[in-house]
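These notes concern the structure reproduced below.
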Amino acid sequence: MQDSFSYFFNQLISGISLGFVYGLIAIGYTMVYGIVGMINFAHGEIFMIGAFVALIAFFIMDAIGIGWVPVAIVAMLLLSMVINAAYGWTLERVAYRPLRGSTRLAPLITAIGMSIFLQNYVQLLQGARPRPLRPLIPGGIELWTVKTPDNTDYTVQISYMELMIIVITVVLMAAFTYVITRTPLGRAQRACEQDQKMAALLGINVNGTIAATFVLAAVLAAVAGLIYTLRYGSIDFFIGFLAGVKAFTAAVLGGIGSLPGAMLGGVLIGLIETFFAGYAERGSEYKDVAVFMVLVVVLIFRPTGLLGKPDIEKV
Amino acid sequence: MTTDARPLDYGAMAKEAGLTAFVVLMLTIVLVGFELRDVPGALALFTRFPDVLAACLIAFFGRIAVILLREGYRGAVVVGAGAAALLLLIGLLPETLFGTATAREYAEAYMPFSAPVVRWCVFAAAVFLAVRAALARRSVRADAKSREAAADRAGATVQHVARYAGPLLGLCAVALPVALGHDQQAMSVAILVMTYIMLGWGLNIVVGLAGLLDLGYVAFYAVGAYTFALLATTEGIEWSFWVCLPLAGLFAGLAGVLLGFPVLRLRGDYLAIVTLGFGEIVRVVLQNWYGFTNGANGISGIPRPTLLGLSWEEEAPEGQMAFWQWFSKNFWEVQYSATHEKIFLFYIILGLALVVNWFALRARRMPIGRAWEALREDEIACRSLGINPTNTKLTAFGVGAMFGGFAGSFFATSQGFVSPESFVFIESAIILAIVVLGGFGSQLGVVLAALLLIGLPEAFREVKDFRMLAFGLAMVGIMLWRPAGLLAHREPTVRLNAPGKGKTP
Amino acid sequence: MSRPLLEVEHLTIRFGGLVAVNDVSFAAQDRQITAVIGPNGAGKTTVFNCLTGFYKPTVGRMRLLHAATGREFLLERMEGFRIAAEAHVARTFQNIRLFPKMTVLENLIVAQHNTLMRASGYTVLGLFGYRGYKRAEAAAIDRAKYWLDRTGLTERADDAAEGLPYGGQRRLEIARAMCTEPVMLCLDEPAAGLNPRESEELNALLRFIRDEHEIGVLLIEHDMSVVMEISDHIIVLDYGKKIADGTPAEIRNDPAVIRAYLGEPEEAA
């Protein structure tokens, strides 16, 4: 048995890496919400597709004889980003753009229709059974050793896998932040968020900006998909459903519309889920319930989330 | 035929079609092009590149056809799509048409995809394009307004017909067991379809009338089912179906109110995602709470409803009489048959469904129903008129949940067994699809959609795999074509002048 | 003079750092038309939204008196829909908010929701065809008819509200507000977008409401000809502050108002 601090430490690292998955998906929800004011229910499925493409990419690399793990992972990342970008773009073009300015309910229903479609599309093409992936990066950095009660040594380590997940996320988040804050695209996005008509009058390509937002969201979801695949080593066509709901919870917790909030919310949800599973009695069975309770509690007491701005109703 | 055609810009056309094909290539190259299959001991990678090529070609030529249609070159589209449809038809039915095995070989060489259902869909698309091109009088893009007016007229006609067809259909439903009574299988399907009609009508109050998107309707169905299952099987309680039915509705309604209360004062989208999560949570709890719900094993041995104390068994338990014995004694001689019970169950669910229908039609003309519709249209205006938005929405949500609970307790008694398996997300999705396809607020539409979505896959098993795929696509398609619903037409709840007499602008 | 229908004291509304309304006090009388005027962005609509419960004031008191019963309501403490339901303050919106897919008549019936809800035994009795509900519904239709006649919309009663011309929609919104039987009617730019003839009809309608129904009318308006012609009392806001308060004649000659509307005369600078 390990001691309580080491256990805590392992839970912490695991919670953070899970939180990164949720955070990356949550950014997609929050970004799309900011610009078109709707919740993209199909976003969870986009994440699921990213995970599948990453998995298939690994097998393709394996088949063409490039089994060296770092190259394989880069290939998985790039391929799933590119393919997901296509899915994000198509989703917006086919299911949402024609409905801009339509009734409130219509885009929600196309979103749920798309979500059902994509789930079954992947199920039909890739089968319903969970698809496993062997652990690609074994081992880790040894941090410290503790004596357990039965007098054996237990080494607390941070696995290379988790380290890599953290590095990938941090690097990509930095790149993403750069895009959002320093490039013309980011400026156009913020302009469209504030006032689409005015932005259009000033010569901003509103359709293009919205499409780019969906693409960007899908690309981040692809990263989340890759991380999920590496972390859990098994995926199926239904993973997008729960991950989607949890990431949405993260977005609401962080304050919908706020990008740092989404990442913060993601990490918090990841930690809540991991610690609940790790410490509460029968916690691993009820961890989903715990996350859902967080959602309900946030909606009751602080619907604007931690970092969100209160939205003033226009009468 | 091409009198109204505009000159073609071949370069632009090729670019547009090429772009479409490229996007389709990106969408399909990995997920369609490769397949991970279980082989003994591991996963293996297989390829399906011909399917990717087929998808891209279909996208390319399909796009060209659409462009030609838009520019007024109808003749070319008729010929092209017609030829493609003919080739596909030959490929689909080589033996019927030519009667030789070699024909099949030739056909297999060029036919896209392997699943027959998909091939038929491609064929149907080609036929659709050809027919559309042949029939279109002007350029295909008729203005949206006249199209909307035509769709509304169609909806009005259907509603008009429904006024007479509705009771007629009701009579048909009442008479159905007479026609199918001997066939236990068919009666089971009829009961199933009727259950979904009831669920559809229940959800229609929430989604169609009040405009609240409930994605976890199955959770209330589950609450109803488990309420009855637990009350009926717990030793010491063992209440009958007729006692538990109102309780099941009550508990489900209560669950709806408790869930709705925190969420309904917020934006509409929050309700959708919270109900989505709630549906899953209820399932998780049912699955893990062994002490209470017996977990994944479910609850079995749920008693069947009795008819005023008459049992449906061949041998009635102590103190009861079996229906067939009673019937033989009082009317004429009948043999015991298991279908009697099915017929009885069918009448119960028919009765329950009609209650929901009656409520929905009636409530629309009540102040509460008008307030639901008004809230759907403009919440801020409602507040300025003194309508309490939260309570009004809560009523719709709670009533919908209650009807879901009724249906759930019927489900438990008709199956005799409940387990968390029956209450997965896909069930909510099916019920929502019934409502959306039927057209919001249209009672007859829900019946037709339930027949189509539940009855058809039961009849044709090979369609079943593709069922949800098609549902999802249909939901998107209908929203794009007509967000108000396929056959939606709003009949006023009150008139000053009799219809027809009123002046139309 | 008797106690006023509405007394607003020290009303202040802040959005974050922005002070939209700053320490405004005024009163509005029964059986009078009180106009709130001022340049764009002066905070007129914000005051309205506060009075009708859409915003909560940061500071201030809004007291409404029902002369008939002597009941007093503190509007700043009430939830939005209760202000309409209990204090009987009705309003219209600057950018018309009807129920577009519902018919003109239905719009007016929805406005009588609370009365009808009670009459239908909160739906339960109504579902089973309770006679009292049928009577109440007939009465509601009669009231609707009355206002349809007054607003010239009887012909269009069974058409969808979205099909009405602009002026008709404006009148329908006023009719709908009146169907709630208010003691105070708040109109947010009712004459905006109306042609001169329609504007004239509106004036007549507002006078009729004031004189025959004996309620207070509070009005935001840009059209000075309308304001000067029908108002009994005018309040002028500028940059969220009250700068003048008086009869039309007084306002017309008030130097502060002239400055706010025409700008500072150059030689005075």
Side-chain angles (χ1 to χ4, degrees), chain B residues 148-149 152 209 211 265 355 358-393 395-396 398-399 440-441 483-485 488-505, chain C residues 52-54 79-86 88-93 96-107 109-120 122-123 126-129 133 136-137 140-141 144-145 148 154-161 163 173 176-177 179-180 186:
Chain B
E148 174 60 33
D152 190 67
L209 215 48
R265 53 198 181 94
V355 167
W358 172 82
F359 176 85
L361 290 176
R362 191 94 196 174
R364 219 187 133 231
R365 288 159 195 280
M366 292 282 118
I368 189 75
R370 295 197 189 107
W372 287 338
E373 282 195 79
L375 267 176
R376 187 186 66 193
E377 306 253 298
D378 194 326
E379 186 172 333
I380 287 175
C382 277
R383 272 195 271 164
S384 83
L385 298 174
I387 297 174
N388 181 340
T390 313
N391 284 2
T392 308
K393 283 193 254 178
T395 325
V399 166
F440 302 124
H489 163 74
R490 197 182 169 278
E491 194 61 32
T493 59
V494 55
R495 281 176 174 279
L496 208 55
N497 308 307
K501 223 173 74 189
K503 294 134 195 105
T504 40
Chain C
T52 48
F54 286 95
E79 239 181 301
F81 74 92
R82 287 189 199 283
I83 292 181
E86 289 161 23
H88 290 280
V89 176
R91 73 169 290 176
T92 65
F93 295 89
I96 310 175
R97 285 183 173 272
L98 294 168
F99 306 120
K101 298 269 188 278
M102 300 175 90
T103 66
V104 169
L105 180 63
E106 282 174 316
N107 266 275
I109 301 284
V110 169
Q112 305 175 51
H113 176 77
N114 289 316
T115 318
L116 287 173
M117 267 311 260
R118 277 189 292 275
S120 70
Y122 296 91
T123 313
L127 278 177
F128 297 100
Y133 170 66
E137 195 180 35
I141 293 174
K145 261 191 208 158
L148 287 172
T154 312
E155 294 281 286
R156 306 292 302 268
D158 295 328
D159 295 340
E173 214 189 5
R176 190 180 66 180
C179 277
T180 64
C186 303

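Lettering follows sequence order; numbering is per chain, from 1. Quantities reported herein were computed from a predicted structural model and do not represent experimental measurements.
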Measure the [atom1]-[atom2] distance between [X] and [Y] for me, rounded to the nearest 0.5 Å.
X: R383(B); Y: F54(C); atom1: CZ; atom2: CZ; result: 5.0 Å
X: D378(B); Y: K101(C); atom1: CG; atom2: NZ; result: 12.5 Å
X: L385(B); Y: R97(C); atom1: CG; atom2: CZ; result: 12.0 Å
X: M117(C); Y: I387(B); atom1: CE; atom2: CD1; result: 9.5 Å
X: H113(C); Y: L375(B); atom1: NE2; atom2: CG; result: 8.5 Å

For a quick test of reading the model, state the closest non-hydrogen atom pair linking [X] to [Y] and the distance between them.
X: R370(B); Y: E137(C); value: NH2-OE2, 2.8 Å
X: A381(B); Y: F93(C); value: CA-CE1, 4.2 Å
X: L105(C); Y: R495(B); value: CD2-C, 3.8 Å
X: R91(C); Y: S384(B); value: CG-CB, 3.8 Å
X: R365(B); Y: Y133(C); value: O-OH, 3.4 Å

Partners of F359(B) by ring-ring contact (aromatic ring centres under 6.0 Å, His included), sequence neighbours excluded? F403(B)

Looking at side-chain heavy atoms only, is the closest gap between F81(C) and C382(B) below 4.5 Å?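 No; the side chains remain at least 4.5 Å from each other.
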
T103(C) side chain reached by L496(B) side chain, heavy atoms, under 4.5 Å: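 Result no, sub-4.5 Å side-chain heavy-atom pair not found.
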
If I measure from the heavy atoms of chain B, does I83(C) come under 4.5 Å with its side chain, its backbone, both, or neither?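 Contact with chain B involves no heavy atom of I83(C) at all.
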
Check each atom of L116(C) against the heavy atoms of chain B and say whether the ones under 4.5 Å are side chain, backbone, both or neither. both

Heavy-atom pairs under 4.5 Å with chain B - which of N107(C), V104(C), V110(C), L98(C) has more of them than the others?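 Among the listed options, the one with the most contacts to chain B is V110(C).
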
Backbone N/O of P492(B) and side chain of E106(C): donor-acceptor pair under 3.5 Å: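 Here the side-chain-to-backbone pair does not exist.
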
Comparing I368(B), N388(B), T493(B) against chain C, the one with the most heavy-atom pairs below 4.5 Å turns out to be N388(B)

For R376(B), all residues meeting salt bridge (Lys or Arg N to Asp or Glu O under 4.0 Å), sequence neighbours excluded: E373(B)

